[in-house]
Amino acid sequence: NDGSTVNEYALRMATSVSWIDASKLAIGSLSDPISTLRIWDINTGEETVINTLGAIWDIATNNSGDILALASRGISLIPTSSTTINQTFNTATDDFVFEVAWSSNDQYVAAGNSDGSIEIWNTTLSQREPNVMIQAGNGVLESYFDDRVAAIQFRNNDTQIVSITGEGIVRLWDVQT
């Protein structure tokens, strides 16, 4: 394999990507006034466009492959078989969500926020886990992106979350959901 391009798709201001299945990609964009989520079938070239409000900073496909979580002004959940948002969760601090991650059982979505906080949402009950609110950043904003959660992921057993701040600090958190 020489690393050559197999297929190419151009999208202005693309910000995030997530595989839905073996042939479909979800691609988020940042553009004014309406951002878009695009579902691209890499085999047929077919494209589905879904307009969203606010920039899409991250996309995560659940382990079953049937729901997308979008990080934007809150978290939006979109079934992969639909073109409309099914659920929206607003953060406790009303900040942007920069990163999202699904738990291994698809019941929880972790949100890494622009203020450095991490929230966990129970998608079955459609509510934030009240006993889990993590301050991952240091609380000192020298620039807007220093304190944000730049990456987040559940550990396989869903009892821990790893986060990375915009300033490069990696932290491991014990969580009880």
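Hydrogens, waters and symmetry mates play no part in the numbers below; they use all other heavy atoms, side chains included. Residue indices begin at 1 and follow the sequence shown.
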If only side-chain N and O atoms count, and only distance matters, is there a donor-acceptor pair under 3.5 Å linking [Y] with [X]?
X    : Y    : result
Q87  : S76  : no
Q160 : D174 : yes
S72  : W57  : no
T80  : D66  : no

Between [atom1] on residue [X] and [atom2] on residue [Y], distance to nearest 0.5 Å:
X    : Y    : atom1 : atom2 : result
D58  : F98  : CG    : CZ    : 11.0 Å
W102 : Q107 : CH2   : CD    : 10.5 Å
S163 : I118 : OG    : CD1   : 4.0 Å
L68  : I39  : CG    : CD1   : 5.5 Å
I161 : I152 : CD1   : CD1   : 5.0 Å
F89  : E119 : CZ    : CD    : 11.0 Å

Item to check | Residues L70, I78; criterion side-chain contact (heavy atoms from CB on, under 4.5 Å); working and verdict | outcome: CA-CA 8 Å; L70 308 180; I78 299 178; 3.6 Å; yes
Is a donor on one side and an acceptor on the other found under 3.5 Å between the side chain of [X] and the backbone of [Y]?
X    : Y    : result
N105 : N157 : no
D158 : S103 : no
T83  : I50  : no
S29  : T36  : yes
T61  : W19  : yes
N62  : I67  : yes
N113 : V97  : no

Let me check something: do [X] and [Y] share a hydrophobic cluster, defined by ILVMFWY side-chain heavy atoms less than 4.5 Å apart, either directly or through other members?
X    : Y    : result
W173 : I164 : no
W40  : L37  : no
L125 : W121 : no
I85  : I56  : yes

Item to check | Chi angles and distances behind the side-chain contact (heavy atoms from CB on, under 4.5 Å) call for L25, I20 | outcome: CA-CA 6 Å; L25 281 172; I20 295 173; over 6 Å; no
Item to check | Sequence-distant partners of S64, side-chain hydrogen bond (donor to acceptor under 3.5 Å, both in side chains), two or more places apart | outcome: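 S64: side-chain hydrogen bond (donor to acceptor under 3.5 Å, both in side chains) contacts with D106.
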Next on the checklist: Contact between V162 and V170 at the side-chain level, heavy atoms closer than 4.5 Å - yes or no?
Outcome noted: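 Result yes, sub-4.5 Å side-chain heavy-atom pair found.
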Search all heavy atoms of [X] against all heavy atoms of [Y] and return the closest pair with its distance.
X   : Y   : value
P79 : N86 : CD-CB, 3.6 Å
A71 : E99 : CB-N, 4.0 Å
I42 : A22 : CD1-O, 4.1 Å

Item to check | Check against side-chain contact (heavy atoms from CB on, under 4.5 Å), T88 and R73 | outcome: CA-CA 9 Å; T88 301; R73 189 79 176 177; over 6 Å; no
